[in-house]
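First the proteins, then the strands, lettered A, B, ... as listed; each starts at 1.
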Amino acid sequence: MEIKKVYDPGSIEERWYRYWIEKRLFVADPCSDKPPFSMVIPPPNVTGSLHMGHALNNTLQDVLVRYKKMDGFNVLWLPGTDHAGIATQNVVERMLREKGISRDDLSREEFLQEIWKWKDLYGKRIIHQLQRLGAGCDWTRERFTMDEGLSRAVRIVFNRLFEEDLIYRERYMVNWCPRCGTALSDLEVEHREVRGRLYYIDYPLKDGNGSITIATTRPETMLGDTAVAVHPEDERYRRFHGKELILPLTGRVIPVVTDDYVDASFGTGALKITPAHDPNDFVIGKRHGLPQITVIGKDGRMTPEAGERFAGLDRFRCREEVVEALKALGLLSKVEEHTHAVGHCYRCDTVIEPLITLQWFVKMAPLAEPAIEAVRSGRIRFIPKGWENTYFSWMEGIRDWCISRQIYWGHRIPVWYCGHCDGDRIIMDVKGEGEFTYSDLRKRFSHEEILSMVKDYRIEEMGRDSMIPSESAPEACPRCGGKELVQDPDVLDTWFSSALWPFSTMGWPEKTKELEVFYPTSTLVTSFDIIFFWVARMIMMGLKFMGDVPFRDVYIHALVRDIHGQKMSKSRGNVIDPLVMMERYGTDALRFTLVALAAQGRDIRLSEERMEGYRNFVNKVWNASRFVFMGLDGYRGEEGEMGLMERWILSRLQKVIEEVRTSLDEYRFNDAASTLYQFLWHEFCDWYIEASKPILRGEMGEERKRGTQWCLLHTLGTILKLLHPFMPFVTEEIWNGMGNEGSIVLERYPLPDPSLVDEEALEEASFLMEVVKGVRNVRVEASIPPTRPLEILYMGKEGDRWLEVLKREEWLLKALARVSCLTPVDKRPFPAAPLILKEGDLFVSLKGVIDLEGERRRLEKKKASLLEELALVERRLSNKDFLNRAPREVVEREKGRREDLSRKIAKIQEQMEWIRAV
RNA sequence: GGGCGGAUAGCUCAGGUGGUAGAGCGCUGCCCUUACAAGGCAGAGGUCACAGGUUCGAGUCCUGUUCCGCCUACCA
């Protein structure tokens with residue numbers, strides 16, 4: 001049998017993945033009588049590409065899925081993709097722009113067709129990449145947020161919320177991205193510290209008696225000022241109360257108002273009020289009944305309201321112009337450096353403009369209340385628990401959610417308007433002709449003609465009675481029976497549909513078997529940056545529409561950063577591409593690296609070096625298996641006779657099984673990974689395989705050989721099963737190479753067998769290993785050639801436990817430490833190096849060793865560390881309080897240590913005297 | 001402004017209920033020993049950020065300080 005010396009992942013991964021899919025191993029069975037374990041995937045963007053965050057997220061889910069599957073659960077891991085409204089639309093717009101086509105050149109329908117084309121072209125890419133990662137998803141149930149079923153769920157949810165008055169449409173100040181041309185929710189705004197300036201501007205009193213100086217970071221908005229506010233208690237401004245000012249550059253007369261909001265200690269203590277362009281001013285303006293003057297338009301340019309001089313200018317250009325103009329008038333009294341947080345669009349990084357527009361909102365407080373309770377009561381558990389506070393603090397201060405987006409790609413708001421009843425409030429943009437009301441157009445054209453000639457339209461404010469919400473396109477207006485209906489042009493925030501994901505993907509609102517069996521899902525695995533965007537909203541919607549939480553456990557994993565702790569980004573150029581890593585090191589190595597580094601509550605700093613280390617581990621697994629195969633000649637599966645090392649490795653194996661299971665159950669992925677790493681490499685390979693070599697050579701007889709073969713095979717098989725969730729490909733390849741029938745996926749995840757834990761074997765084996773290490777140490781330190789056999793001597797009498805163990809297992813010393821023979825002696829032998837062990841007085845013969853300098857060095861080193869330790873123990877034991885208050889067993893242990901240390905030191909002392917004498 | 005997390009070996013990090021500080025990588029020396037040089041053996045390396053406190057005993061619990069992250073906020 002030819003097995004390659006180096007594991008080659010490239011040649012087998014695709015083959016096994018295809019096999020798993022063909023055998024339908026990950027297809028869930030709603031009729032199974034096994035206990036269910038279900039998860040829904042955090043759906044990646046349809047046209048996205050796999051990055052390290054996805055790789056980590058899906059590896060962790062896959063570990064759980066494979067573990068639970070092997071552990072006897074009926075597993076559903078439901079996959080799918082998200083339409084990612086703004087992100088996808090932006091990508092397609094950019095693509096079109098490169099072809100010289102702008103969004104305005106296309107009709108809504110044409111533009112949507114382009115996006116669908118794009119989606120069809122790239123939509124499968126991320127799915128293939130997840131498959132490449134080995135993800136054991138049930139692909140027969142793959143969903144897309146804009147599938148018909150999920151879209152229907154969206155419409156029904158919208159309608160129900162609308163009926164209950166939890167959705168409303170209002171003219172309100174929202175975050176507007178002038179580049180994307182749409183409103184955003186508060187969460188979609190990224191606040192960043194920006195170094196700007198604070199401009200001090202004088203506003204003269206109308207009566208000519210001086211002026212008030214205000215401070216602002218946005219001078220261009222002064223063109224829309226409708227008041228200046230001061231704190232009512234601020235003595236400096238008492239004489240201005242009720243006075244009027246002349247707004248520079250416009251000549252508009254504005255009042256001085258008093259408001260508690262004003263912080264007298266900031267700037268000059270006088271605050272200019274621009275109700276149309278600042279969220280605070282908006283509120284203050286309402287409080288004082290101030291007019292809202294919109295001077296910045298949706299395109300980020302100044303409106304005609306800004307005055308002839310500034311109209312049409314970009315808002316930032318206008319800032320400069322305003323400053324220049326004020327300077328020329330001598331009204332700019334001071335400019336200071338000032339850093340402050342500025343909102344940026346999370347999709348395109350453009351500076352957000354607060355604008356008053358008509359938008360749709362979800363009333364959040366009533367939905368949040370039960371969602372808070374669900375976590376507080378423990379029905380939902382965050383892991384690590386610390387995230388619950390983050391969740392509470394956001395939920396408790398939750399604000400209404402702006403859900404309308406002025407883009408094309410997404411779920412249309414399922415509300416219609418009647419052209420006959422409300423045509424005056426439907427404003428249509430006719431290509432090249434300007435704006436007309438529907439009513440006006442209708443005088444000249446038919447309904448169908450209007451729809452075909454209109455590029456865009458908007459719906460002016462109107463009462464709830466005028467809105468016709470519906471789960472599907474309504475036949476007629478319920479008031480007039482007219483059939484000239486127009487649907488709201490806006491689409492919903494992408495996260496609106498994502499919020500329904502755990503149940504919309506399982507067929508809701510139908511009462512499906514899937515929902516019955518798999519909802520609530522067991523676990524959600526995601527990262528903290530979407531706790532608000534997604535996790536919280538799923539909880540609210542799940543409770544509202546399913547009457548139950550969407551999941552029990554929320555495992556929040558780390559963010560993957562580069563080795564310096566920087567977020568990976570294309571612009572920083574520090575991206576480690578998982579696809580490249582899979583190509584270079586194999587998928588199993590990538591997965592194992594991510595899992596091994598995924599400690600709770602800390603970010604992952606990823607480096608390629610690390611990956612190389614785990615690639616080596618995968619190779620180690622491969623070669624350990626290769627060794628086992630090679631030692632199998634003529635073996636038929638008999639059990640044979642077990643020796644000490646067999647009993648030892650089997651005992652250790654039971655403990656490892658237990659540890660791995662507990663770690664996985666507690667989402668301590670990294671602990672599970674490192675337990676397996678240490679066991680396979682440093683126990684199974686370093687000790688057991690080494691010890692098995694002479695036996696396989698037949699040196700201990702046939703019975704022992706068969707026992708060892710059984711044990712090698714059994715232990716390796718168990719390790720492979722334990723490792724399978726972490727490194728599915730190599731384990732499957734080896735498992736099948738071992739002549740097993742069927743996939744390792746279908747194997748039972750190992751259970752610990754307490755009857756195999758042999759405490760005596762654990763003790764004796766660890767004693768022997770100490771002896772071996774001691775002998776090796778003497779050899780190296782005394783520069784004895786590795787090939788030269790050594791005699792070891794045991795001081796004591798026949799019948800001593802450790803002497804008996806040594807005699808029984810002498811072969812092991814010969815094999816692992818090149819010991820030639822073991823000789824019992826009754827007094828201290830010379831020349832010989834003592835082994836400083838816990839048990840037994842053992843010596844390595846130094847006959848013929850000329851240079852004792854190395855031996856002296858070894859003893860010096862050992863003595864120094866023992867003395868240090870002894871000092872510590874002495875100090876403790878000389879403390880009366882310790883003797884009186886510490887638990888008895890702790891005191892006893894310390895006393896034992898003292899004796900042990902003293903004995904060892906004495907031994908060294910004796911040896912050093914001997915060396916000096918020579 | 002509020003909140004959270006971090007500071008442990010040269011580097012990256014583990015260290016559930018307080019009781020002898022660990023891993024990987026890197027480093028040093030010796031080994032191509034027929035599973036694996038992507039390897040083996042042996043080793044060096046730590047005042048656990050700082051200052052107090054609780055305790056017989058603190059990397060671990062409490063308080064404060066410094067320095068880094070991150071989240072959040074209507075600081076004009």
Asks: Rounded to the nearest 0.5 Å, what separates atom CG in A/L716 from atom CD1 in A/I734?
Replies: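 Taking CG in A/L716 and CD1 in A/I734, the distance rounds to 6.5 Å.
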Asks: Which of these, A/N670, A/D665, A/D671, sits in a side-chain hydrogen bond (donor to acceptor under 3.5 Å, both in side chains) with A/R668?
Replies: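 Answer after filtering A/N670, A/D665, A/D671: A/D671.
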Asks: Check salt bridge (Lys or Arg N to Asp or Glu O under 4.0 Å) between A/E336 and all other residues, then give those that pass, not counting sequence neighbours.
Replies: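 Counting only residues at least two positions away or on another chain, A/E336 forms a salt bridge (Lys or Arg N to Asp or Glu O under 4.0 Å) with A/K334.
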Asks: If you measure from the P atom in B/rC75 to the same atom in B/rU63, how many Å do you get, rounded?
Replies: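 It comes out at 29 Å once rounded to the nearest Å.
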Asks: Reckon A/K880 touches a base, only the sugar-phosphate, or nothing at all at heavy-atom distances under 4.0 Å?
Replies: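 It contacts nothing in the nucleic acid.
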Asks: Among B/rA42, B/rG19, B/rG16, which nucleotide sits nearest the side chain of A/R668?
Replies: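 Nearest nucleotide to the side chain: B/rG16.
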Asks: Quick test of your reading: applying salt bridge (charged side-chain N to carboxylate O under 4.0 Å, His left out), list the pairs with at least one residue in residues 278-288 of chain A, sequence neighbours left out, ordered by first then second residue.
Replies: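 Passing the test, one end in residues 278-288 of chain A: A/D259-A/R287.
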Asks: Could one point to a donor on the side chain of A/R897 or the base of B/rU20 with an acceptor on the other under 3.5 Å away?
Replies: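 Answer yes: a donor N or O sits under 3.5 Å from an acceptor.
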Asks: Walk me through it: do A/K904 and A/S902 pass the test side-chain hydrogen bond (donor to acceptor under 3.5 Å, both in side chains)?
Replies: CA-CA 5 Å; A/K904 286 174 176 173; A/S902 312; over 6 Å; no
Asks: Could you check whether A/N884 gets within reach of a base, just the sugar-phosphate, or nothing at all, counting any heavy atom under 4.0 Å?
Replies: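 No contact at all - A/N884 keeps every heavy atom at 4.0 Å or more from the nucleic acid.
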Asks: Taking only residues two or more places apart in sequence, or in another chain, which ones meet A/K838 in a salt bridge (Lys or Arg N to Asp or Glu O under 4.0 Å)?
Replies: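 A/K838 satisfies salt bridge (Lys or Arg N to Asp or Glu O under 4.0 Å) with no residue once adjacent residues are dropped.
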Asks: Do the numbers put A/R776 on top of the ring of A/W687, so that NZ or CZ is under 6.0 Å from the six-membered ring centre and no more than 45° off the axis?
Replies: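 Yes, A/R776 sits over the ring of A/W687.
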Asks: Generate the contact string for nucleotides 52-61 of chain B. Rules: B means base contact, S means sugar-phosphate contact only, - means no protein heavy atom under 4.0 Å.
Replies: ----B-----
Asks: Within the 4.0 Å heavy-atom criterion, would you say A/G854 contacts the bases, only the backbone, or no part of the nucleic acid?
Replies: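 No contact.
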Asks: Can you list the steps and then say if A/E860 with A/R857 is a salt bridge (Lys or Arg N to Asp or Glu O under 4.0 Å)?
Replies: CA-CA 5 Å; A/E860 287 284 13; A/R857 256 201 328 265; over 6 Å; no
Asks: For A/V262, which contact category applies under a 4.0 Å heavy-atom criterion: base, sugar-phosphate, or nothing?
Replies: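 Since a base atom lies under 4.0 Å of A/V262, the category is base.
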Asks: So how far is it from A/L867 CG to A/L872 CG, rounded to the nearest 0.5 Å?
Replies: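 The distance works out to 12.5 Å.
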Asks: Give me the stems containing RNA chain B, sorted by first residue, counting only three or more consecutive Watson-Crick or G-U pairs with both distances under 3.5 Å; say none if there aren't any.
Replies: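 Only these stems qualify: B:1-7 with B:66-72, B:10-13 with B:22-25, B:27-31 with B:39-43, B:49-53 with B:61-65.
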Asks: Within the supplied structure, the quantity of interest is the number of heavy atoms (other residues, nucleotides, ligands) at a distance under 6.0 Å from A/E396 CD; does it exceed 12?
Replies: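 Counting neighbours around CD of A/E396, more than 12 heavy atoms of other residues, nucleotides or ligands fall under 6.0 Å, so yes.
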Asks: Which nucleotide, B/rC75, B/rC70, B/rA42, lies nearest any side-chain atom of A/Y261?
Replies: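 When the side chain of A/Y261 is considered, B/rC75 is the closest of B/rC75, B/rC70, B/rA42.
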Asks: Would you indicate what A/T217 reaches in the nucleic acid, counting non-hydrogen atoms under 4.0 angstrom: base, sugar-phosphate, or nothing?
Replies: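 The residue A/T217 makes sugar-phosphate contact but no base contact.
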Asks: Sugar-phosphate atoms are those with a prime plus P, OP1 and OP2; base atoms are the rest. Using that split, label each nucleotide of nucleotides 23-39 of chain B B, S or - for protein heavy atoms under 4.0 Å, 5' to 3'.
Replies: SSS---------BBSBS
Asks: Quick test of your reading of the model: are A/E853 and A/R856 salt-bridged, counting only N-O distances below 4.0 Å?
Replies: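 Salt bridge present between A/E853 and A/R856.
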Asks: Given the side-chain rings of A/F282 and A/Y172, with only the six-membered ring counted for Trp, is the space between their centroids under 6.0 Å?
Replies: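 Centroid distance A/F282-A/Y172: below 6.0 Å, so yes.
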Asks: Given B/rG16, B/rA76, B/rC71, identify the nucleotide with an atom nearest to the side chain of A/F532.
Replies: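 Shortest atom-to-atom distance from the side chain points to B/rC71.
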Asks: In whole Å, what separates the C1' atom of B/rC31 from that of B/rG22?
Replies: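 Between the two C1' atoms, the distance is 27 Å.
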Asks: Taking atom C1' in both B/rG53 and B/rG18, what distance in whole Å separates the two?
Replies: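 It comes out at 15 Å once rounded to the nearest Å.
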Asks: Look at all strands and tell whether A/A596 reaches a base, only sugar-phosphate, or nothing, counting heavy atoms closer than 4.0 Å.
Replies: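 Nothing: the residue A/A596, judged by heavy atoms under 4.0 Å, touches no strand.
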Asks: Sticking with atom C1', work out how far B/rC70 lies from B/rG52, rounded to a whole angstrom.
Replies: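 Each nucleotide's C1' atom is 29 Å from the other's.
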